[in-house]
Amino acid sequence: MELSYITVTVLILAISAAVDGYLVKVDAHAEECFHERISSGTTFSIIFEVAEGGFLDIDLKVVGPDNKELYLGDRESNGKYTFAAHIDGNYKFCFSNKMSTMTPKIIMFSLDIGDTPKENVEDTQGIVYQAEHHNNLEQMINQLSTGLTGIKHEQEYMEVRERVHRAINDSTNSRVVLWSFFESLVLVAMTLGQVYYLKRFFEVRRVV
């Protein structure tokens with residue numbers, strides 16, 4: 001069984017249970033972009049890993065609605081980056097494989113969009129206050145929920161990495177065994193050939 005088939009199968013099974021997990025194939029000389037509408041002040045994170053292809057590297061670009069580059073990474077195998085939306089609009093996440101001549105890449109990634117900040121609220125007495133400071137207990141619960149969500153995504157990410165690496169190791173071990181078996185056959189064939197050649201050589205010498 002080929003490595004690509006094993007890896008893709010493992011990734012699909014592993015990511016099918018993840019809420020915000022995605023699997024994308026980026027062909028050589030190609031670029032795949034994804035858009036997400038995010039409100040100003042909202043934090044968002046992207047976690048990715050190159051699962052298969054070439055040297056397991058990819059270019060990542062994160063662009064804001066005003067075409068401002070928030071991040072630009074070259075030839076990265078994996079990463080986790082967090083940003084804060086500076087304006088409302090569609091944010092673009094692009095994986096580029098333009099540096100590859102003929103090898104496609106398979107990327108596993110997930111997007112984690114935080115809660116939209118609450119707007120200021122004005123009470124009947126005209127006193128302005130922020131809703132996030134209205135209840136300290138609610139703020140602590142929200143922080144705890146965000147932390148638990150991040151831990152959950154990190155565990156899912158590490159589980160996928162472990163499965164992919166295990167599949168690669170199993171495939172590599174199988175190829176090593178097959179190659180060793182092939183070398184043994186070649187060695188035995190060469191030994192028998194040499195014995196046969198020497199036997200025929202001395203038989204011819206005796207006849208002469």
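Numbering of residues begins at 1 and proceeds along the displayed sequence.
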Distance-minimising heavy-atom pair for [X] and [Y]:
X	Y	answer
Phe48	Glu76	CZ-OE1, 3.4 Å
Asp57	Met99	O-CE, 3.5 Å
Arg75	Asp59	N-OD1, 2.7 Å
His35	Lys92	CE1-CD, 3.4 Å

request  = Decide yes or no for Tyr91 and Phe83: does some side-chain heavy atom of the first lie under 4.5 Å from some side-chain heavy atom of the second?
outcome  = no

query = Same cluster for Phe93 and Val63 if Ile/Leu/Val/Met/Phe/Trp/Tyr side chains link at under 4.5 Å?
reply = no

query = Do Asp88 side-chain atoms and Ser40 backbone N/O form a donor-acceptor pair below 3.5 Å?
reply = yes

request  = State whether the side chain of Ser77 and the backbone N or O of Leu56 hold a donor-acceptor pair below 3.5 Å, judged by distance alone.
outcome  = yes

message = Tell me if the CZ atom of Phe55 is crowded by more than 12 foreign heavy atoms within 6.0 Å.
response = no

inquiry  = Using 0.5 Å steps for rounding, measure from the CZ atom of Phe109 to the CG atom of Leu23.
reply    = 9.0 Å

Spacing of Glu49 atom CD and Ile58 atom CD1 [to the nearest 0.5 Å] = 12.5 Å

task = Anything under 30° is parallel, anything over 60° is perpendicular, the rest tilted; go ahead and classify Tyr22 against Phe34.
result = tilted

